[in-house]
2 protein chains.
Amino acid sequence: MTQFQTLEDQLRAAMPTMTRAERQLASHMLGNFPLSVLGTVATIAQDAGVSAPTVVRFVRKIGFSGYPEFRAQLHEEMGERLASPITKHEKWADRLEIDHPLNRFALRVIENLRQTLSQQDLRTFDAVRDLLADKSRSVYLIGGRLTRSIAEYFTTALHVMRSDVTLLSSQPNTWPPALLDMSAGDVLVVFDIRRYEPSVQQFAELAHAQQMEVVLFTDQWVSPTAGVARHILTSQIEVPSAWDTIVPLIALVESMLSALQDANWQDTRERLERMERFYEEMLLFKRMR
Amino acid sequence: MTQFQTLEDQLRAAMPTMTRAERQLASHMLGNFPLSVLGTVATIAQDAGVSAPTVVRFVRKIGFSGYPEFRAQLHEEMGERLASPITKHEKWADRLEIDHPLNRFALRVIENLRQTLSQQDLRTFDAVRDLLADKSRSVYLIGGRLTRSIAEYFTTALHVMRSDVTLLSSQPNTWPPALLDMSAGDVLVVFDIRRYEPSVQQFAELAHAQQMEVVLFTDQWVSPTAGVARHILTSQIEVPSAWDTIVPLIALVESMLSALQDANWQDTRERLERMERFYEEMLLFKRMR
DNA sequence: TCTTTTTTGAAACAAACGTTTCAACTTGGC
DNA sequence: GCCAAGTTGAAACGTTTGTTTCAAAAAAGA
């Protein structure tokens with residue numbers, strides 16, 4: 001539609017061929033760029049002291065089909081200027097063979113991840129980190145059919161950093177007895193994405209009734225468990241397939257692990273070293289047989 | 001009109017009192033802030049997957065008289081950030097909180113994912129898809145300490161698409177007897193990232209000796225199991241923390257699932273529908289007790 | 001100065017917009 | 001398990017918006 005880089009350049013370049021009223025308009029636009037161009041045709045016309053038709057004729061003259069297209073262009077440019085590194089859309093997709101299923105899927109996964117991370121409330125994130133870093137609280141984890149593996153991964157990694165971490169079995173009938181050992185102030189981490197599982201929700205409610213702190217990792221449609229959750233971390237999980245992606249959830253979990261590690265690096269390193277030693281001794285033992 | 005500093009804070013603060021559709025909307029707005037909020041009610045509604053009335057109700061709920069006022073507020077905030085090139089940068093940098101661990105970690109994860117997917121050999125990917133789609137071959141999956149959860153996830157999802165899928169237990173002493181049931185041409189999917197586990201490698205070698213097809217998901221340094229693997233899919237997994245990220249591995253696995261589903265959609269859908277029915281009947285059964 | 005051409009904005013218009021209504025649906029309480 | 005309360009989106013509504021028309025005003029040319 002245009003060979004110019006930015007709208008601003010485009011406005012300046014058009015100046016010489018403009019009439020009196022149009023120059024007055026362009027001058028006003030450039031003087032209050034880009035705030036002046038956010039409003040409606042009527043607003044701009046009034047602020048610049050010209051009529052609405054002049055505004056329309058003007059944007060036509062510099063190459064747009066109409067005012068909506070002009071504003072869309074401006075929005076796009078503003079978006080680029082305002083975008084954070086995470087929010088930013090990198091055009092790396094161009095290099096890929098775009099038609100291959102792997103790449104079509106991958107682009108959507110990255111989009112989900114990007115959105116999930118950029119919308120994350122940092123205060124919630126920090127609050128959860130503090131809860132999990134608090135060694136006076138025991139931590140319990142639970143997940144549904146597809147999310148149990150996330151809970152398992154989280155558990156394995158958490159074990160490196162602290163004790164009193166328990167993954168609840170996949171059999172709901174073992175949960176009530178497990179409740180016996182949980183006390184007020186303990187943390188229950190719940191993973192629940194659609195289709196949400198009633199048994200998981202019921203358990204979270206029981207835990208909440210016992211004054212436990214419930215942390216919920218869920219999808220953008222939000223599990224009903226949210227009702228009893230102290231902290232909620234949501235992920236975008238929709239991809240073009242019959243099921244959803246857990247990638248953003250994993251990314252959140254790993255970010256949390258990384259933050260926890262930073263929060264208590266001294267202890268973590270010690271535990272890591274001890275674990276390494278134990279692993280080595282296990283191997284030695286095996287070799288001696 | 002409001003006691004909050006920015007629109008973004010206002011959106012987040014409202015989250016707890018929101019309904020499902022409203023949360024979905026707020027989530028979308030925050031995920032693509034501020035670009036998403038520049039458009040019309042209809043645009044936002046469609047992008048967020050809710051109806052136009054929901055958008056209007058939402059902005060009313062957080063304290064605006066209507067959508068025009070909401071957009072005016074956003075324009076004002078954007079104007080403040082964009083107006084002066086000098087003040088712009090510091091103000092925006094504040095909000096970015098780029099130094100927050102979540103954001104630092106997130107950028108690296110996205111970079112890993114990007115590299116993993118763009119380096120992927122599509123022929124290998126397709127070959128593995130064909131192996132897994134071949135119903136005359138049984139599929140077995142195995143993983144290490146941290147990768148077992150990936151194998152578990154893959155297994156759960158594969159079960160939806162085909163039968164004869166088996167996740168090997170986490171106890172190595174159960175593996176030799178399991179070998180009895182495996183025959184030439186069957187597929188063994190191995191997940192192994194550093195630090196590579198000798199027991200997993202040994203098992204892969206045994207399987208290879210039995211003429212099984214070994215598919216290896218590993219990291220950029222490549223597990224020693226590669227020696228007996230027919231197909232190798234590598235992932236970039238290095239992040240600024242004491243351990244690695246499995247996000248690219250999960251993304252590969254999910255892409256594979258998506259490709260498999262496309263390859264045999266008829267069967268998959270049938271199985272999905274049957275599964276849905278079974279789940280429903282299970283729930284009915286529970287309710288009837 | 002007079003005519004022709006161009007420019008401009010008030011008013012009318014059509015399209016798009018935000019908003020309201022209402023019936024279907026879901027959720028929570030007994 | 002039923003009913004009440006709350007939530008949701010399709011359709012209808014009135015309003016605002018961008019656009020076109022057209023006649024008046026300004027500018028250019030003779």
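Computed from a prediction, not measured in an experiment: that's the story for all the values here. Just so we're on the same page: letters track the sequence lines, and every chain starts at 1. Values below: every heavy atom of this structure, side chains too, minus hydrogens, waters and symmetry copies.
Between A:V109 and A:V239, some side-chain heavy-atom pair lies under the 4.5 Å cut-off. Using a 4.5 Å heavy-atom cutoff, the side chains of A:F64 and A:R60 are not in contact. The closest side-chain heavy-atom distance from A:Q120 to A:L233 is below 4.5 Å.
Of the candidate nucleotides C:dG9, C:dG18, D:dT7, C:dG9 has the atom nearest to the side chain of A:P53. You'll find that the side chain of A:R60 is closest to D:dT20, out of C:dT19, D:dT20, D:dT8.
Residue-level contact check: B:A42 touches the backbone only, with heavy atoms under 4.0 Å from sugar-phosphate atoms and none from bases. Residue contacts for A:P224: at a heavy-atom cut-off of 4.0 Å it reaches no nucleic acid atom on any strand shown.
Taking atom CZ on B:R23 and atom C1' on C:dT26, their separation rounds to 15 Å, with Å as the unit. B:L25 places its CG atom 14 Å from the C1' atom of D:dT7, with the value rounded to the nearest Å. Between A:Y67 atom OH and C:dC17 atom C1' the separation is 15 Å, expressed in whole Å. Taking atom CZ on B:R71 and atom C1' on C:dT19, their separation rounds to 14 Å, with Å as the unit. Whole-Å rounding puts the A:Y196 OH to C:dT26 P distance at 14 Å. Rounded to whole Å, the distance from CZ on B:R20 to P on C:dC25 is 14 Å. Taking atom CZ on A:F64 and atom P on D:dG18, their separation rounds to 15 Å, with Å as the unit. In this structure, CD of B:Q46 is placed 13 Å from P of D:dG9, rounded to the nearest angstrom.
Comparing B:R57 and A:Q201 along DNA chain C, the residue whose closest nucleotide (by nearest heavy atom) sits nearer the 5' end is B:R57.
Between A:D126 and A:R123, no side-chain nitrogen of the basic residue sits less than 4.0 Å from a carboxylate oxygen of the acidic one, so the salt-bridge criterion is not met.
Residue A:T54 places at least one side-chain N or O closer than 4.0 Å to OP1 or OP2 of C:dG9.
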Exercise for the section: Step by step, work out the ring pair (Phe, Tyr, Trp, His ring centres under 6.0 Å) result for A:F125 and A:H231. Expected result: CA-CA 8 Å; A:F125 184 88; A:H231 302 293; over 10 Å; no

